[in-house]
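For reference, the structure discussed in these notes is given below.
In the text below, chain A, chain B and the rest are named by the order of the sequence lines, each starting its count at 1.
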Amino acid sequence: MPELPEVEVVRHGLAPAVTGARIERVIVLDARSLKRHDGPAEDFVERLAGAHVAAAVRRGKFLWMPLAIGSAFASSTPESGAFGEPVEALVVHLGMSGQVLLRARDAEVAPLTRLVFDVHHPEHGALRVDFVDQRIFGSMAIDPLQATPDAAAGGHGSPLPLVPGQVAHIARDPLDPAFDEARFLSALRSRRTGIKRALLDQTLVSGIGNIYADESLWAARLHYDQPTSSISTRKARELLSEVRTVLRRALDEGGTSFDAQYVNVNGASGYFSHSLRAYGQQGMPCERCGRLIVREQFMNRGSHFCPGCQRLRAA
DNA sequence: CGTTGGCCCTGATCGC
DNA sequence: TGCGATCAGGGCCAAC
């Protein structure tokens, strides 16, 4: 369930703790959390040991840490110039229940922890990064970096025009300065599917999951199954604007600091439920028209909407 | 090639 | 008290 805002909170909290840090040791408690990794757990562990993290970058719901190369000198940091351009990255996807927790080195390992990273930061000292994931839909991998087709930054958190191969097919998210709005609107129109399915298609626009899809559609007064081809460009622009508003509001409410991330036991979890107007609100009156919010099964997930102001319109 | 349905995965919760 | 059923859904891939 972590979507763009939750993943960004993780990235933002993680970045100051891991940028410039050296990975001293990796412990794989459950190899199923490496299902994205092309190789055995031993390969994952050996390639990370001694590596330096150059940044924490995010595109949509994907997070990655480019690995600096050329650590010939112990005093070198990725900023010192002794490092070359990264060629691979540690890729993270939280899936449904993944959390990345920053801990003290000697802190107790929480239940459901799948991966443990001992890191050493030049300023913050010895730290531990734990990957906790109940449902194991999330996973990590070491993946080669490749150039972005548009030469813009691969994601939020680094100016480098690089993106992991696993993330290359993921569209830029609506908060990315390089998000191509005209291309999105054009692609949306040519789709032959419902609007919610399109919003959830990460190859069209990334970062939106079930919760913020429902919230954005409510804000734009659109039914989840409204055919994309029947939506005017003007209406699609309005929807995109609502998507951005919803994501930004969640970001504002979930924004956290290094210290907060450090002690926050819930890590990436924690939805900003007090601001939800559709998701999980079934049976509650719509804030706009008072009709009761309905929940329907759609795409093997719940869709929450107002039957009064989110009506399916004739194409 | 665009679209769609199915599957993965497990702890918490609920009903009998 | 115990236990089976149910639920949550992002990403990927086979199939159409």
Under 4.0 Å between a side-chain N or O of Thr193(A) and OP1 or OP2 of dT4(B)?
yes
Remember a base hit wins even if backbone is also touched, and classify Phe298(A) as base, sugar-phosphate or nothing at under 4.0 Å, heavy atoms.
nothing
What nucleotide among dC9(B), dG11(C), dT3(B) has an atom nearest to a side-chain atom of Ile136(A)?
dC9(B)
Taking atom C1' of dG11(C) as reference, at what distance in whole Å does atom CG of Leu4(A) sit?
16 Å
Round to the nearest Å and state the distance from Arg197(A) atom CZ to dG6(B) atom P.
11 Å
Selection from dG10(C), dA8(C), dT3(B) that lies nearest to any side-chain heavy atom of Arg192(A):
dT3(B)
Does a nitrogen or oxygen in the side chain of His93(A) sit under 4.0 Å from OP1 or OP2 of dC12(C)?
no
For the hydrophobic clusters of this structure (ILVMFWY residues joined by side-chain heavy atoms under 4.5 Å, transitively), does one cluster hold both Val129(A) and Val57(A)?
no
Using atom CD of Gln166(A) as one end and atom P of dC12(C) as the other, report the distance to the nearest whole Å.
8 Å
Could you tell me the separation between the CD atom of Glu3(A) and the P atom of dG10(C), rounded to a whole number of Å?
6 Å
If you measure from the Lys or Arg side-chain nitrogens to the Asp or Glu carboxylate oxygens, is any gap between Lys196(A) and Asp214(A) under 4.0 Å?
yes
Whole-Å distance separating the CD atom of Gln99(A) from the C1' atom of dA8(C):
15 Å
When we call it a touch if two heavy atoms are under 4.0 Å apart, what does Lys35(A) touch: a base, just sugar-phosphate, or nothing?
nothing
Phosphate OP1/OP2 of dG11(B) contacted by Gln134(A) side-chain N/O (<4.0 Å)
no
Any side-chain heavy-atom pair of Phe179(A) and Val205(A) under 4.5 Å:
yes
Nearest whole Å is fine: how far is dC7(C) C1' from His304(A) NE2?
12 Å
Between P on dA8(C) and CG on Asn210(A), what's the gap in Å once rounded to a whole number?
9 Å
Candidate nucleotides dG10(C), dT4(B), dC9(B), ranked by approach to the side chain of Arg135(A) - the nearest
dC9(B)
Applying a 4.0 Å non-hydrogen cut-off, can you work out what Gly138(A) is touching in the nucleic acid: base, sugar-phosphate, or nothing?
nothing
Is it the case that dA8(C) (base atoms only) and Arg301(A) (side chain only) share a donor and an acceptor within less than 3.5 Å, ignoring hydrogens and angles?
no
Tell me which nucleotide among dG11(B), dG10(C), dG11(C) gets nearest to the side chain of Leu200(A).
dG10(C)
Among dC12(C), dG6(B), dG10(C), the nucleotide that comes nearest once only the side chain of Met96(A) is considered
dG10(C)
Taking the inter-plane angle between the rings of His223(A) and Phe305(A) on a 0 to 90° scale, is it parallel (under 30°), tilted (30 to 60°) or perpendicular (over 60°)?
perpendicular
Supply the atom-to-atom distance Arg172(A) CZ to Thr148(A) OG1, rounded to the nearest 0.5 angstrom.
5.5 Å
Quick one: His169(A) NE2 to dG11(C) C1', roughly how many Å, whole number?
8 Å
